[in-house]
K.L.:
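Below: one structure in structure tokens.
Per chain, numbering begins at 1; letters A, B, ... match sequence-line order.
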There are 2 protein chains.
Amino acid sequence: MANSKLYKGSLSTIILKLLDEEGKMYGYEITQKVKAITKGDLKITEGALYPALHKLEAEGLLDVEVAKVDNRLRKYYKLTEQGEKETVNRLAELEEFIRSMQQLVKPKWSIQ
Amino acid sequence: MANSKLYKGSLSTIILKLLDEEGKMYGYEITQKVKAITKGDLKITEGALYPALHKLEAEGLLDVEVAKVDNRLRKYYKLTEQGEKETVNRLAELEEFIRSMQQLVKPKWSIQ
DNA sequence: TAATATACATAAATTTCTTATGCATAAATT
DNA sequence: AATTTATGCATAAGAAATTTATGTATATTA
């Protein structure tokens, strides 16, 4: 997708939001979920995702739990208490950002 | 603003869109327009704006015309023909991106 | 058996921004 | 009168967030 470059700055917020919804998820699952929700428009690359998860964990916003399923490794992440609070803040900021962007790109000849 | 970091990747599209609307604008005018439209939420810094304008010009999407008003320099930018075509594409991508983001951050308990 | 899907990870390079700094004129404030 | 704020341009250093490339390993599908 051509616009897969556009989510810079919001990846960690997306991760937090999904974890808030799902309770716990592992990395690969997150990439698939985002692809499904956006119908393929947003593709989170592994090179972006894993460092982002590690950073959120280092910041104390995520806890990790390793599991082995079908002989394959999975690292399940979930929000810490601090992570839940931070999710609220970051979502509010992202929604504000989206509103601003809409103001800027709204059609030239729209009513109002 | 805390979320002024979130527009990475979309600045050039914002510039193109504004020039498409206004016909021609100079740098400082663009910063003020964005501030006004977003009610102060998005502030385009000069360190981001001027390099972005120069890049768009180098890519052949903008033409520049220097003017002196009140003994002060102004560089008016306007879309080239190619710039107009590119604006359509980038706006479509940005709108698609915004839609994707909305899907991702929509409230947990919303209907549907 | 070869390709695709699943699952993790990291490093180099790139892009895009922030922050800091600089120059200059005009208007407003103290 | 002097200082600050607004107007207007610009660039450079540094930071942050990505992309791209690469690596390892197992399971499933064609």
K.L.:
Starting at atom OH of A:Tyr26, determine the distance to atom P of C:dA5, rounded to an integer number of angstrom.
P.N.:
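A:Tyr26 atom OH is separated from C:dA5 atom P by 15 Å.
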K.L.:
On a heavy-atom basis, which atom in A:Leu18 and which in A:Ile37 lie closest, and how many Å separate them?
P.N.:
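That closest heavy-atom pairing would be CD2-CD1, 3.9 Å.
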K.L.:
Any side-chain N or O of B:Lys75 less than 4.0 Å from the OP1 or OP2 oxygen of D:dA10?
P.N.:
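Checking B:Lys75 against D:dA10: at least one side-chain N or O falls below 4.0 Å of OP1 or OP2.
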K.L.:
Choose from C:dA7, D:dT18, D:dC9 the nucleotide whose nearest atom is closest to any side-chain atom of A:Leu11.
P.N.:
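From the listed options, D:dT18 comes nearest.
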K.L.:
How close or far is atom P of D:dT5 from atom CD of B:Gln32, stated in whole angstroms?
P.N.:
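Going from B:Gln32 (CD) to D:dT5 (P), I get 16 Å.
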K.L.:
Hey, is A:Lys33 close enough to A:Glu22 for a salt bridge, meaning N to O under 4.0 Å?
P.N.:
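So A:Lys33 pairs with A:Glu22 through a salt bridge.
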K.L.:
So which nucleotide from D:dC9, D:dA27, D:dT7 ends up closest to the side chain of A:Asn71?
P.N.:
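Between D:dC9, D:dA27, D:dT7, the one nearest the side chain of A:Asn71 would be D:dA27.
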K.L.:
Under the criterion side chain to side chain contact (heavy atoms under 4.5 Å, CB included), which of B:Arg90, B:Glu81, B:Glu84, B:Lys55 is the partner of B:Leu61?
P.N.:
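Only one option passes, and that is B:Arg90.
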K.L.:
D:dA6 P sits how many Å from B:Lys43 NZ, rounded?
P.N.:
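My rounded result for the distance is 11 Å.
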K.L.:
Between D:dT20, D:dA10, D:dT26, which nucleotide has the shortest distance from any of its atoms to the side chain of A:Thr45?
P.N.:
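The listed nucleotide nearest to A:Thr45's side chain is D:dT20.
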K.L.:
Determine the minimum heavy-atom distance between B:Leu19 and B:Tyr77, stating which atoms define it.
P.N.:
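That would be CD2-O, 3.2 Å.
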K.L.:
Under 4.0 Å between any heavy atoms, over every strand shown, what does A:Lys55 touch: base, sugar-phosphate, or nothing? Just pick one.
P.N.:
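Sugar-phosphate contact only - A:Lys55 comes under 4.0 Å of backbone atoms but never of a base.
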K.L.:
Reckon A:Arg74 touches a base, only the sugar-phosphate, or nothing at all at heavy-atom distances under 4.0 Å?
P.N.:
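Contact class for A:Arg74: sugar-phosphate only.
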K.L.:
If you check the A:Leu73 side chain, which of C:dC8, C:dC17, D:dG8 turns out closest?
P.N.:
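Output: C:dC8.
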K.L.:
Would you give the length of the straight line joining atom CG of B:Leu79 to atom NZ of B:Lys17, rounded to the nearest 0.5 angstrom?
P.N.:
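Taking CG in B:Leu79 and NZ in B:Lys17, the distance rounds to 11.0 Å.
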K.L.:
With both distances kept under 3.5 Å, what pairs with D:dG23, Watson-Crick or G-U wobble?
P.N.:
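Matched D:dG23 with C:dC8 under the 3.5 Å cut-off.
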K.L.:
Just how far, in rounded Å, is C1' of C:dA7 from CD of A:Glu65?
P.N.:
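These atoms are roughly 16 Å apart.
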K.L.:
Could you tell me the Watson-Crick or G-U partner of C:dT30, where both distances fall under 3.5 Å? Say none if there is no partner.
P.N.:
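Its partner is D:dA1 (Watson-Crick or G-U wobble, both distances under 3.5 Å).
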K.L.:
How many Å lie between CG on B:Asp70 and P on C:dA28, as a whole number?
P.N.:
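One finds 12 Å between P of C:dA28 and CG of B:Asp70, rounded.
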K.L.:
At under 4.0 Å between heavy atoms, what does B:Gly47 touch on the DNA or RNA strands: base, sugar-phosphate, or nothing?
P.N.:
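Base, at least one base atom sits under 4.0 Å.
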K.L.:
Please determine whether a side-chain nitrogen or oxygen atom of A:Tyr28 lies at a distance below 4.0 Å from atom OP1 or OP2 of C:dA5.
P.N.:
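False: A:Tyr28 side-chain N/O out of range (4.0 Å or more) of C:dA5 OP1/OP2.
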K.L.:
Could you pick out which residue, A:Arg72 or A:Pro51, lies toward the 5' side of DNA chain D when each is mapped onto its nearest nucleotide?
P.N.:
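The 5'-side residue here is A:Pro51.
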K.L.:
Restricting to non-hydrogen atoms, name the atom on A:Tyr26 and the atom on A:Tyr76 that form the minimum distance, rounded to 0.1 Å.
P.N.:
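So the minimum-distance heavy-atom pair works out to CD2-CE2, 3.5 Å.
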K.L.:
It should be established whether A:Tyr50 places a side-chain nitrogen or oxygen under 4.0 Å from OP1 or OP2 of nucleotide C:dC8.
P.N.:
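Looking at the OP1 and OP2 atoms of C:dC8, one of them is under 4.0 Å from a side-chain N or O of A:Tyr50.
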K.L.:
Between P on D:dT7 and NZ on B:Lys68, what's the gap in Å once rounded to a whole number?
P.N.:
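So the NZ-P distance, B:Lys68 to D:dT7, works out to 19 Å.
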K.L.:
Does A:His54 place a side-chain N or O at less than 4.0 Å from the phosphate oxygens OP1/OP2 of C:dT10?
P.N.:
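Checking C:dT10 against A:His54, a side-chain N or O does come within under 4.0 Å of OP1 or OP2.
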K.L.:
What is the separation between atom CG on A:Leu49 and atom C1' on C:dT10, rounded to the nearest whole Å?
P.N.:
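Those two atoms, CG and C1', are 13 Å apart.
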K.L.:
Rounded to whole Å, how long is the line connecting atom CE of A:Met25 with atom C1' of C:dC8?
P.N.:
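These atoms are roughly 16 Å apart.
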K.L.:
With nearest nucleotide decided by heavy atoms, which residue, B:Glu46 or B:Ala52, maps closer to the 5′ end of DNA chain C?
P.N.:
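Upstream on the strand: B:Ala52.
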